[in-house]
Chemist: 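Take this structure first; my questions come after.
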Amino acid sequence: MAIDLRSDTVTKPSLAMRESMASAEVGDDVYGDDPTVNALEERVAAMFGQEAGLFSPTGSLANQLAIRTLVKPGEELLVETRSHIVRAELGAAATFSGITTRTWPSVDGLLKAEDPLAIAHENAGPYLVSTKAIAVENTHNFGGGTVQPIEEIAKLSTAARARGIAMHLDGARIWNAHVASGVSFAEYGKHFDTISVCLSKGLGAPIGSVMLSTKERVGEARIWRKRYGAGMRQVGIIAAAAHYALDNNIARLAEDHARAKKIAVALAAVDASLVDPAKVMTNIVGLDLSKVGITAADLTARCKEAGLWISALGPHYARLVTHLDFDDAQCSQAIEILEKILKSALMAK
Ligand SMILES: *Cc1c(COP(=O)(O)O)cnc(C)c1O
């Protein structure tokens, strides 16, 4: 069977997770009657010190519901250049909410509070677009699983809020950030007005995200979720998988991080330009192929022939993501496959 490192979304629900789904108590969630969903929303909100939560089928929708409660049509959201909100949500902020975005660049997605603060224009008057919110992605996906320093988050949040600018956390992989940094969910949570978290990435649930905020904003988001057609019925069957994931799959993310580090160390030994293992903080390994004589598309194709699936995310950038369904034996095999292909590319150069 192929080893699949394209993303941490490829995991399949375990038997125990499926059993928890099969026995879940359910009700009609559009009527607010699903006890498993209600408990999940309350549980995740409490973890992050937020008032309320809203279950959502995807992280993209949770992000979009959150930011539309912070930013009105014709107003502005600031985001990092390679963030999921601007790169991978198909223009949803503009399409659905009339929100304009402006971006700041960074190295490896790493947050420096001064970068967004330098381009923010709160109350910009009648001629310029007013900045209403800033989004932070933690961990940063296309930055290579980068963990955002809590000091920079705190500095940004304090300065932004003092200027009347709200803070959104795209926490699709906040679980990985927590395990890598030891910073509590509540500590992360207090710096943000809205938060989205994914249960379907490293935590291994098949579907599901939660949007968090005040009762008022979550109430508003609940209306928009229904308006977008994502009001779900006996969805406790899925929320049960999320509960199972929260009960069992957070601490074990450290194993995914260790395997990602192991891959990075092995490949850096093949050629130091490929990856800096010190920058591999979580479960994502980004490979810079610009100096090794193989394109990302070629590497991906040759890996696939050898039984290893990875992603080509740019002409010279490939990504590997470790996860729940990837063990030590597969890790050794993946390293062997990558070493062989990369060494032969270097020899042919
Ligand atoms: C995966 C991801 C999301 C949400 O993705 P969906 O596929 O819509 O669930 C949001 N933000 C980041 C950073 C992600 O990696």
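In listed order, ligands and their atoms are each counted from 1.
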Chemist: What I want to find out is whether K279 reaches D108 closely enough, with some N-O distance under 4.0 Å, to be called a salt bridge.
Modeler: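 D108 and K279: salt-bridged.
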Chemist: Backbone or side chain, does any N or O of E89 fall under 3.5 Å from an N or O of ligand 1?
Modeler: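 E89 vs ligand 1: no N/O contact under 3.5 Å.
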Chemist: Is S209 in polar range of ligand 1, meaning some N or O pair under 3.5 Å apart?
Modeler: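 Among all N and O atoms of S209, none is under 3.5 Å from an N or O of ligand 1.
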Chemist: Run the numbers for me: atoms of ligand 1, each under 4.0 Å from some heavy atom of N141, listed by number.
Modeler: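 Taking each heavy atom of N141 in turn, ligand 1 has 15 (O) under 4.0 Å.
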Chemist: Report yes or no: does H140 have a heavy atom closer than 4.0 Å to ligand 1?
Modeler: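 No, H140 has no heavy atom closer than 4.0 Å to ligand 1.
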Chemist: Is there a polar contact between ligand 1 and G59, counting only N or O atoms under 3.5 Å apart?
Modeler: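 Yes; at least one N/O pair falls below 3.5 Å.
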Chemist: Kindly determine whether R87 and T81 satisfy side-chain hydrogen bond (donor to acceptor under 3.5 Å, both in side chains), including the steps that lead there.
Modeler: CA-CA 8 Å; R87 262 195 91 190; T81 312; over 6 Å; no
Chemist: What part of A172, side chain, backbone, both or neither, has a heavy atom within less than 4.0 angstrom of ligand 1?
Modeler: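 A172 to ligand 1: side-chain contact only, backbone stays beyond 4.0 Å.
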Chemist: Ring centres under 6.0 Å, that's the criterion: do W224 and F96 meet it?
Modeler: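 Not close enough - the centres of the two rings lie 6.0 Å or further apart.
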Chemist: Looking at atom 7 (O) of ligand 1, would you say a protein heavy atom lies below 4.0 Å from it?
Modeler: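 No, because not a single protein heavy atom sits under 4.0 Å from atom 7 (O) of ligand 1.
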Chemist: Determine, using ring centers only, whether F48 and Y188 are less than 6.0 Å apart.
Modeler: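 Not under 6.0 Å, so no.
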Chemist: Counting heavy atoms only, which part of I85 comes closer than 4.0 Å to ligand 1: side chain, backbone, both or neither?
Modeler: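 Contact part for I85 vs ligand 1: neither.
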